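Heads up, the thing below is written out as C-alpha cells.
All values derive from a computational prediction rather than experimental measurement.
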Amino acid sequence: MRSLCSLVLLALLPLTSIAATPPPTAPEPIVREVMTRPLPEQPGKEALILTVQYPPGGADPVHRHDAHGFVYVLQGRIVMGVAGGRAVTLGPGEAFHEGPDDLHTVGRNASQTEPATFVVFLIKDIGKPAVLPPR
C-alpha cells in the first residue's frame, strides 16, 4: 500500500510543477533607434526617433519617459494609456501623446496573432534614458 501511495505521488509531481509555474510574460517589444539630434534652440534637449514593434501579444511594463512622446502607428493596432487617462486603441495613421509627467500604464499590441509597428518621437533631456522606471 505504501508503494502505491508513493507511485501516485510521483505521478502527480509533474502536474504540481506545471501548476506552480507562473503564467508566461508578454513578449517584449523590439526597439530600434532611428536618429538622435541635439536641439540647439532648446539647450540641454534632444530629439530621439525610435521604431517599436510589438510581437503578437507583446507589451511594455509600466514606465515613464520624462519627455514629450509622440507615437504614430504604422502597422497593426496598439493600446496606449497613461495614469489618469483612458486607454485608447490606435491603428495605422493614428497618433498618441505622452507628456513629461505622465506614467505610461498601458502599452501593448491589441492582437495576439499579428505584429504592430509604430514610430516614437521623443523630445527629452540630453543623455537621459528614453525609458525610465515608475517613480
Side-chain angles (χ1 to χ4, degrees):
M1 181 67 166
R2 188 175 206 173
S3 62
L4 180 60
C5 286
S6 296
L7 285 174
V8 169
L9 287 175
L10 284 173
L12 292 176
L13 189 60
L15 296 177
T16 58
S17 65
I18 290 171
T21 304
T25 58
E28 292 186 16
I30 301 162
V31 180
R32 292 187 177 94
E33 185 174 318
V34 176
M35 176 189 291
T36 303
R37 291 287 186 271
L39 301 173
E41 302 80 14
Q42 295 183 16
K45 297 288 185 181
E46 66 185 1
L48 171 63
I49 301 173
L50 307 167
T51 59
V52 179
Q53 183 180 57
Y54 284 147
D60 290 320
V62 174
H63 64 276
R64 62 189 175 87
H65 296 288
D66 200 15
H68 281 284
F70 301 88
V71 171
Y72 182 80
V73 181
L74 299 173
Q75 169 195 14
R77 298 187 64 74
I78 62 173
V79 181
M80 292 278 148
V82 296
R86 287 183 3 169
V88 294
T89 302
L90 306 165
E94 295 183 300
F96 182 80
H97 171 261
E98 294 178 53
D101 297 323
D102 286 333
L103 179 63
H104 191 152
T105 55
V106 179
R108 66 177 173 82
N109 190 336
S111 173
Q112 295 293 318
T113 59
E114 299 294 325
T117 305
F118 54 98
V119 175
V120 179
F121 178 85
L122 296 171
I123 298 174
K124 64 181 209 52
D125 292 339
I126 291 175
K128 188 174 270 189
V131 178
L132 299 164
R135 287 184 199 167

**Asked** Out of curiosity, Asn109 CG to Gln112 CD, how far, rounded to the nearest 0.5 Å?
**Response** 7.5 Å
**Item:** Rounded distance (nearest 0.5 Å) linking atom CD1 of Ile30 with atom OG1 of Thr117
**Value:** 8.5 Å
**Item:** Test salt bridge (Lys or Arg N to Asp or Glu O under 4.0 Å) applied to Lys45 - qualifying residues, sequence neighbours left out
**Value:** Asp125
**Prompt:** Can you check whether Ile49 reaches Phe70 side chain to side chain, under 4.5 Å on heavy atoms?
**Reply:** no
**Prompt:** Is Ile78 close to Arg108 at the side-chain level, that is, under 4.5 Å between some pair of heavy atoms?
**Reply:** no
**Asked** Does Val34 reach the side chain of Thr51, with side-chain heavy atoms less than 4.5 Å apart?
**Response** yes
**Request:** Report yes if the side chains of Leu74 and Phe118 come closer than 4.5 Å at any heavy-atom pair, otherwise no.
**Result:** no
**Request:** Any chance you could lay out the side chain to side chain contact (heavy atoms under 4.5 Å, CB included) test for Arg135 and Asp66, step after step, and finish with the verdict?
**Result:** CA-CA 11 Å; Arg135 287 184 199 167; Asp66 200 15; 3.9 Å; yes
**Message:** With clusters defined by side-chain heavy atoms of hydrophobic residues (ILVMFWY) lying less than 4.5 Å apart, directly or transitively, does Met35 cluster with Phe121?
**Reply:** yes
**Prompt:** Is Leu39 close to Ile123 at the side-chain level, that is, under 4.5 Å between some pair of heavy atoms?
**Reply:** yes
**Request:** Please check if the side chain of Glu114 supplies one atom and the backbone of Ser111 the other of a donor-acceptor pair under 3.5 Å.
**Result:** no
**Request:** Taking the side chain as every heavy atom from C-beta outward, state whether Leu90 and Arg77 have any atom pair closer than 4.5 Å.
**Result:** no
**Message:** According to salt bridge (Lys or Arg N to Asp or Glu O under 4.0 Å), who are the partners of Glu46, at least two apart in sequence or on a separate chain?
**Reply:** Lys124
May I have the list of side-chain donor-acceptor pairs in residues 52-64 shorter than 3.5 Å, sequence neighbours left out?
| unit_1 | atom_1 | unit_2 | atom_2 | d |
| --- | --- | --- | --- | --- |
| Tyr54 | OH | Asp60 | OD2 | 2.6 |
| Tyr54 | OH | Gly107 | O | 3.3 |
| His63 | ND1 | Pro61 | O | 2.7 |
| His63 | NE2 | His65 | NE2 | 3.1 |
| His63 | NE2 | His104 | ND1 | 3.2 |
| Arg64 | NE | Pro133 | O | 2.8 |

**Message:** Contact between Glu98 and Phe96 at the side-chain level, heavy atoms closer than 4.5 Å - yes or no?
**Reply:** yes
**CD/Gln75: more than 12 non-hydrogen atoms of other groups inside 6.0 Å** = yes
